[in-house]
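Notes follow once the structure below has been shown.
Note that this is a predicted model, so its numbers are computed, not measured. Below, chain A is the first sequence line, B the second, and so on; all start at residue 1. For the numbers below, each heavy atom of this structure counts, side chains included, while hydrogens, waters and symmetry mates do not.
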2 protein chains.
Amino acid sequence: MLKLTRKVEYALIALRHMQAMKPGKLTSAKEIAEAYGLPQQLLAKTLQQMARDRIIEAVQGPSGGYRILSNLDKISLKDFFEKLEGPLGIMDCYFDSDCVQIGACNIRVPIQRINENMRNMFSKMSLREVTQ
Amino acid sequence: MLKLTRKVEYALIALRHMQAMKPGKLTSAKEIAEAYGLPQQLLAKTLQQMARDRIIEAVQGPSGGYRILSNLDKISLKDFFEKLEGPLGIMDCYFDSDCVQIGACNIRVPIQRINENMRNMFSKMSLREVTQ
DNA sequence: TTAAATACGATAAAAATAGTCGTATTTATT
DNA sequence: AATAAATACGACTATTTTTATCGTATTTAA
């Protein structure tokens, strides 16, 4: 309950790994996968997604790989989570509107209050705090 | 991602329903299920669990049902979630130790920092804040 | 005695997550 | 120019988790 997905987990591991290296130096998906025993293909997809989101930069070809692109201080955990996994909320009704409950539901307002607290909390934490 | 389960959702709906009634009055699982269009048996199990946890009280026999037992001000959301779903944490490594990573993992410490923040946040919110 | 309610283990169904496969593209190296 | 090592990514499969149902027992008011 209230769990992160592997995708996010692998992303954090990879970022932390990249951050520990000399600036500008590239790391490949294979290298990270072997270092931490992660499924390479799945990790690669996660890295590709982060590249699309401009968090990291991808370099193709042999001796290619990935390196950190953004300033991780400026990315909140909330934004990071949402880039990888979509809207952050304790319950779907926060952004879905196809809930069958409609009028009957009696917890929508309190749930949104919890959501706000969560989003607020993750807004205040930067990605660097986690990766450094 | 970072979602509540239905069990918790149903529990909150039920609590809120009971709280809106005259003190001491009983409500049945059937009544709540019909009012909010929830699966009765699953809701019943959730109510039974809350009864075991002494959050609500169960009365058997016809004209039986459930009613609030605890002072909801004194139950934190953290305790409530953990009673229903077990330890609250963004990742299993917080309480599991059978993670294959063992030494290799490089995000255990930062993850635990996030966990602490989450637990702290939910410790500060009472169940009543959500149900009132 | 009956019926309406809780209690709960076992199982089934559905959904979400995790992982793999195959193939295309890019590009440094030879 | 050919090769090989890397990223890119859609489609698919497997696994796990969540959600829901079934069946039966127990309690107790009427």
Side-chain angles (χ1 to χ4, degrees), chain A residues 1-11 13-14 18 25-34 36-67 69 81 84-87 90-92 96 98-101, chain B residues 1-11 13-14 18 25-34 36-67 69 81 84-87 90-92 96 98-101:
Chain A
M1 186 209 181
L2 297 173
K3 289 285 181 311
L4 250 50
T5 60
R6 292 260 185 255
K7 198 153 128 186
V8 173
E9 179 182 343
Y10 297 163
I13 290 175
M18 288 186 246
K25 183 115 191 300
L26 292 167
T27 320
S28 71
K30 189 180 180 193
E31 184 181 321
I32 300 174
E34 284 174 354
Y36 303 96
L38 311 181
Q40 183 177 331
Q41 303 239 54
L42 190 50
L43 169 66
K45 287 196 168 184
T46 306
L47 292 167
Q48 284 154 27
Q49 182 165 0
M50 283 199 286
R52 281 194 298 270
D53 291 335
R54 312 279 300 155
I55 296 169
I56 62 179
E57 178 187 19
V59 174
Q60 288 200 320
S63 79
Y66 304 90
R67 72 185 141 213
L69 181 62
F81 289 163
L84 290 181
E85 301 281 6
I90 220 169
M91 240 162 198
D92 284 330
D96 280 19
D98 66 343
C99 172
V100 259
Q101 288 279 326
Chain B
M1 186 212 182
L2 296 174
K3 289 282 180 314
L4 250 50
T5 61
R6 293 262 184 254
K7 198 152 128 186
V8 172
E9 179 182 343
Y10 297 163
I13 290 175
M18 287 186 246
K25 184 118 192 298
L26 292 168
T27 321
S28 71
K30 188 179 179 193
E31 184 182 321
I32 300 174
E34 285 175 353
Y36 304 95
L38 312 180
Q40 183 178 332
Q41 303 239 55
L42 190 52
L43 170 66
K45 287 197 166 182
T46 306
L47 292 166
Q48 284 154 27
Q49 183 166 0
M50 284 200 285
R52 281 194 298 272
D53 291 333
R54 311 280 298 155
I55 296 168
I56 61 179
E57 177 186 20
V59 175
Q60 289 200 320
S63 78
Y66 303 91
R67 71 186 140 213
L69 180 62
F81 289 163
L84 289 181
E85 302 280 6
I90 222 169
M91 242 163 196
D92 284 330
D96 279 19
D98 65 343
C99 173
V100 260
Q101 289 280 325

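- Minimum heavy-atom separation, A:I90 to A:L2: CG1-CD2, 3.9 Å.
- Pairing each heavy atom of A:M1 with each of B:K3, the nearest pair is CG-O, 4.3 Å.
- Each of A:M1 and A:Y66 lies near DNA chain D, and the nucleotide nearest A:Y66 is the one positioned closer to the 5' end.
- The side chain of A:R52 approaches D:dC9 more closely than any other nucleotide in the set C:dT6, D:dC9, D:dT7.
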- Task: Evaluate the criterion side-chain contact (heavy atoms from CB on, under 4.5 Å) for residue pair B:M50 and B:D53; output intermediate values, then yes/no.
- Result: CA-CA 5 Å; B:M50 284 200 285; B:D53 291 333; 5.5 Å; no
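- In this structure, B:A44 and B:Y66 approach most closely via the heavy-atom pair O-OH, 4.0 Å.
- Put simply, CG on A:L26 is 17 Å from P on D:dA5, counting in whole angstrom units.
- Regarding B:K3, its NZ atom lies at a distance of 16 Å from the P atom of C:dA15, rounded to whole Å.
- Between A:A11 and A:L84, the shortest heavy-atom distance links the atoms CB-CD1, 3.6 Å.
- You'll find the side chain of B:L4 reaches within 4.5 Å of the side chain of B:F81, heavy atoms only.
- To the nearest angstrom, P of D:dT7 lies 10 Å from CE of A:M18.
- Summarising the geometry, the separation between CG on A:L43 and P on D:dA6 is reported as 14 Å, rounded to the nearest angstrom.
- The interatomic distance linking B:L2 (CG) with D:dT18 (P) rounds to 13 Å, in whole Å.
- Atoms CD (A:E85) and C1' (C:dA16) sit 11 Å apart, rounded to a whole Å.
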- Task: Give the intermediate values and the outcome of side-chain contact (heavy atoms from CB on, under 4.5 Å) for residues B:V59 and B:R67.
- Result: CA-CA 8 Å; B:V59 175; B:R67 71 186 140 213; 3.8 Å; yes
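- Within 4.0 Å of B:A29, counting heavy atoms only, lie sugar-phosphate atoms of the nucleic acid but no base atom.
- D:dT7 atom C1' lies 13 Å from atom CD of A:E57, rounded to whole Å.
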- Any chance you could list the contact pattern along nucleotides 20-30 of chain D? Use B for base contacts, S for sugar-phosphate-only contacts and - for none, protein heavy atoms under 4.0 Å, 5' to 3'. BBBB---BBB-
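- In this structure, A:E9 atom CD and C:dT17 atom P are separated by 14 Å, rounded to whole Å.
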